[in-house]
Amino acid sequence: MGGWGGFGGVWGDGEEGVRFDSTSLAAVIRVAGELMEVRVGLGVQCMGIKSGLCGHGFVLTGLVSLYSKCGDVDTARFLFEQIERPDFVSWNAMISGYSCNGETESAVRLFRELLHSGGEANSSTIVGLLPVFSPFGHLELCRCIHGFAVKSGVDSNVSVSTALTTVYSRLNEIEFATQLFDEAPEKSLESWNAMISGYTQNGLTEMAISLFRRMQTLKVQPNPVTITSILSACAQLGAVTLGKWVHELIVRENFQSNIYVSTALIDMYAKCGSIREAQILFDTMPEKNVVSWNAMISGYGLHGLGHEALRLFDEMSKAGVSPNGVTFLAALYACSHAGLVREGEKIFQLMSDYGITRGPEHYACLVDLFGRAGKLEEALEFIKGMPVEPGPAEWGALLGACMVHKNKALAQIASDNLFKLDSESVGYHVLLSNIHSSDGNYREAAMVRQAVKKRKMSKAPGCTLIEIGETVYTFISGDRSHPQSTAIYAMLEKLMGKMREAGFQPETDMALHDVEEEEKEQMVKVHSEKLAIAFGLINTKPGTEITIIKNLRVCLDCHNWTKFMSKLTQTGMPVMKLVPTTDGSTNKATVYAGVPEKGDTGKNLGVSEWLSEALRPLKGKGRRGKGGLAQHQGTDVLHVKEAMDVAKALASLKSS
DNA sequence: CTAGGGTTAG
């Protein structure tokens with residue numbers, strides 16, 4: 001039990017006089033647990049053993065908590081059993097220990113034991129029992145616990161209602177969460193934070209922001225936790241104006257030193273297109289953890305700055321921060337999108353040196369690296385040579401690449417394998433359907449579509465966001481719900497006319513021709529990105545920078561359309577610049593507006609009602625990261641595969 | 001005194 005030498009200085013060996021008892025020991029253990037200072041905690045435990053105080057209930061309870069926090073529930077349980085007469089705090093500590101470590105069943109079993117032994121459950125017991133860290137698959141249980149809380153009258157307790165709000169949010173049951181929050185008789189800052197974060201992580205970003213505004217109105221002061229969630233919402237939404245306002249608030253309140261806040265700020269700027277701003281913030285960060293590095297590397301990747309991403313990857317190790325799986329994924333993504341095939345392979349090899357296990361996402365990213373660069377055979381060879389069985393992600397990546405490079409034979413191989421593994425995934429069905437129709441095989445394309453319909457599968461609708469002034473507007477394909485709809489379509493007509501005159505040819509290869517009437521109509525609908533761009537051109541002054549953000553990949557036609565427009569620089573036409581630019585992978589384009597239409601410029605449109613309606617299909621996207629539930633399903637993977645055609649589009653843009 | 005709710009990267 002060596003290595004807690006620093007401790008001697010505090011209670012120096014030779015210094016007499018200061019005696020400690022079970023109380024001070026328990027207090028120090030608690031602090032050690034909070035700070036995750038395992039060694040200090042263990043040191044205190046040694047002192048306890050030496051002084052014979054370790055048998056004391058308070059001390060043991062503190063240790064139960066400490067070991068639980070460190071993930072060692074077995075030791076915690078052992079210590080719990082040493083407590084002669086455990087009080088309710090001891091029980092709560094052990095129940096919550098199980099729950100925090102994902103051992104939900106054991107937590108429930110112990111809870112039952114507590115009730116059987118005649119013990120009482122108070123609000124803290126409920127809070128500790130709720131599986132907030134591993135809620136997946138436990139909706140029924142949460143409802144039961146909720147019911148128990150109501151019956152025992154503790155549901156009005158702030159901690160209980162906050163914990164319930166959190167757990168329902170993480171189960172994507174946002175209606176339950178909202179109801180609980182609204183009906184809570186008392187709201188703490190934590191309650192507000194739980195609800196805002198719940199909205200953010202379910203993709204209901206505008207709800208998060210509107211709740212934040214309500215908080216401001218009620219003069220509830222936000223703290224760094226609030227700010228972190230709001231920044232995440234801004235990042236998802238591309239709401240850079242609000243993001244900048246929040247940045248000012250951060251400076252005013254001195255929140256910059258909080259690592260969560262500054263990392264979220266970097267992520268927000270990168271995702272909103274201001275990579276330079278993100279970089280400045282990153283460079284001036286006094287302390288960076290692995291998440292900060294990952295955010296910055298991802299940001300570079302998103303902007304097609306592959307070499308910058310790799311430079312950072314190298315610097316990171318030198319700075320003494322070890323990369324993790326996400327770091328490698330971000331670096332591979334950056335290589336893939338910048339066409340750095342050899343570099344990407346090297347990074348992939350490097351993973352074993354760092355002892356990091358390769359997941360399906362890493363393999364798929366490498367398939368994407370080859371596929372995007374047109375090295376389809378190499379991609380197939382790679383899949384065949386994989387040490388683990390290739391899954392839907394890898395075949396999906398290959399299929400996507402085949403679609404872009406129009407390789408029917410390989411696409412067949414990829415899709416055969418894919419459907420064997422993942423016949424439920426909608427994204428791939430759409431991809432396959434498009435391959436068939438691009439080949440003129442409309443009957444097969446229609447059959448695939450039919451299969452999709454039969455299974456009642458649905459795909460997240462394409463949705464484009466644009467910020468004008470301080471409002472974010474949302475467009476879906478064929479949208480006519482906007483008050484300025486007529487002007488938008490007129491603008492599009494005008495642009496199309498000019499472009500055709502200049503020789504623009506729409507990309508129709510991927511369109512479905514021989515399908516049902518209803519679906520044909522679907523194809524005729526104008527994609528949301530064009531609508532958003534037209535809307536932006538109408539509502540901004542000449543020369544204004546407009547950024548659009550899409551939830552899915554920008555289609556080939558829309559990319560070509562934007563690219564073509566960028567060439568048209570004569571007076572009277574909009575001057576456009578593709579922003580991510582070198583790879584387009586961010587589904588983001590920045591447009592410099594030309595001459596706006598007369599009339600409705602700058603009007604306040606008040607479309608917030610239908611905005612939330614339009615975003616409804618995007619909800620329930622699930623909580624990221626925590627809980628270990630893989631979110632790599634159909635559309636997500638498709639989303640990752642995006643923009644393979646962009647590399648080509650940009651190559652031709654460069655050469656022209 | 002000992003237990004308990006909210007935060008960043010893919």
| request: Would you please classify the geometry between the Y168(A) ring and the F176(A) ring as parallel, tilted or perpendicular, with 30° and 60° separating the classes? | output: tilted

| query | Can you find a side chain N or O atom of T228(A) that sits less than 4.0 Å from OP1 or OP2 on dT8(B)? | reply | no

| message | What's the closest nucleotide to the side chain of S197(A) if the choices are dG6(B), dG10(B), dG4(B)? | response | dG6(B)

| message | Is it the case that dG4(B) (base atoms only) and T125(A) (side chain only) share a donor and an acceptor within less than 3.5 Å, ignoring hydrogens and angles? | response | no

| said: Quick check for you: among dG6(B), dG4(B), dT8(B), whose closest atom lies nearest to any side-chain atom of S123(A)? | reply: dG4(B)

| request: Would you indicate which nucleotide in dT8(B), dC1(B), dG4(B) comes nearest to any side-chain atom of F58(A)? | output: dC1(B)

| said: When you compare the ring of Y260(A) with the six-membered ring of dT7(B)'s base, are the centres less than 5.5 Å apart and the planes under 30° from each other? | reply: yes

| task | May I ask you to verify if any side-chain N or O of R170(A) is less than 4.0 angstrom from the OP1 or OP2 atom of dG6(B)? | result | yes

| Residue V291(A), side-chain heavy atoms: nucleotide from dG5(B), dG10(B), dT8(B) that is nearest | dT8(B)

| field | Neighbours of DNA chain B within residues 90-103 of chain A, by heavy-atom distance under 4.0 Å | value | N92(A), A93(A), S96(A)

| remark: Out of dG4(B), dG5(B), dT2(B), minimum distance to the side chain of T61(A) belongs to dT2(B)

| Note: K244(A)-E248(A) ion pair, threshold 4.0 Å (strictly below) | no

| query | Taking the side chain of S65(A) as its heavy atoms from C-beta onward, which of dG5(B), dT8(B), dA3(B) lies nearest to it? | reply | dA3(B)

| task | Could you state the atom-to-atom distance from CG of N202(A) to P of dT7(B) in whole Å? | result | 12 Å

| Of the candidate nucleotides dG10(B), dG5(B), dA3(B), which contains the atom at the shortest distance from the side chain of L329(A)? | dG10(B)

| task | Please determine, for the side chain of S298(A), which listed nucleotide (dG10(B), dG4(B), dG6(B)) has the closest atom? | result | dG10(B)

| field | The single option from Y363(A), Y333(A), W293(A), Y354(A) passing ring-ring contact (aromatic ring centres under 6.0 Å, His included) against F328(A) | value | Y354(A)

| task | Taking salt bridge (charged side-chain N to carboxylate O under 4.0 Å, His left out) as the test, write out the residues that go with E343(A), two or more places apart. | result | none

| message | Under a 3.5 Å cutoff, is there a donor and acceptor pairing between the side chains of S191(A) and S188(A)? | response | yes

| When you check the phosphate oxygens OP1 and OP2 of dT2(B), does a side-chain N or O of K69(A) lie under 4.0 Å from one of them? | no

| said: Which nucleotide wins on minimum distance to the side chain of V89(A), given the candidates dA3(B), dA9(B), dG6(B)? | reply: dA3(B)

| query | In whole angstroms, how far is the P atom of dT8(B) from the CZ atom of F255(A)? | reply | 16 Å

| query | What nucleic acid atoms does S292(A) come within less than 4.0 Å of, heavy atoms only: base, sugar-phosphate, or nothing? | reply | nothing

| request: Examine the side chains of Q216(A) and R213(A) and answer whether a donor and an acceptor come within less than 3.5 Å of each other. | output: no

| request: State whether a side-chain donor-acceptor pair under 3.5 Å links N193(A) with N223(A). | output: yes

| said: So that I can tick it off, tell me whether K318(A) and D314(A) are bridged by a salt bridge, with the cut-off set at under 4.0 angstrom between side-chain N and carboxylate O. | reply: no

| Can you tell me how far C1' of dG10(B) sits from CD of Q236(A), to the nearest Å? | 13 Å

| message | Classify V127(A) by what it touches in the nucleic acid, base, sugar-phosphate, or nothing, heavy-atom distance under 4.0 Å. | response | sugar-phosphate

| task | Report which part of the nucleic acid V158(A) touches: base, sugar-phosphate, or nothing (heavy-atom distance under 4.0 Å, all strands). | result | base

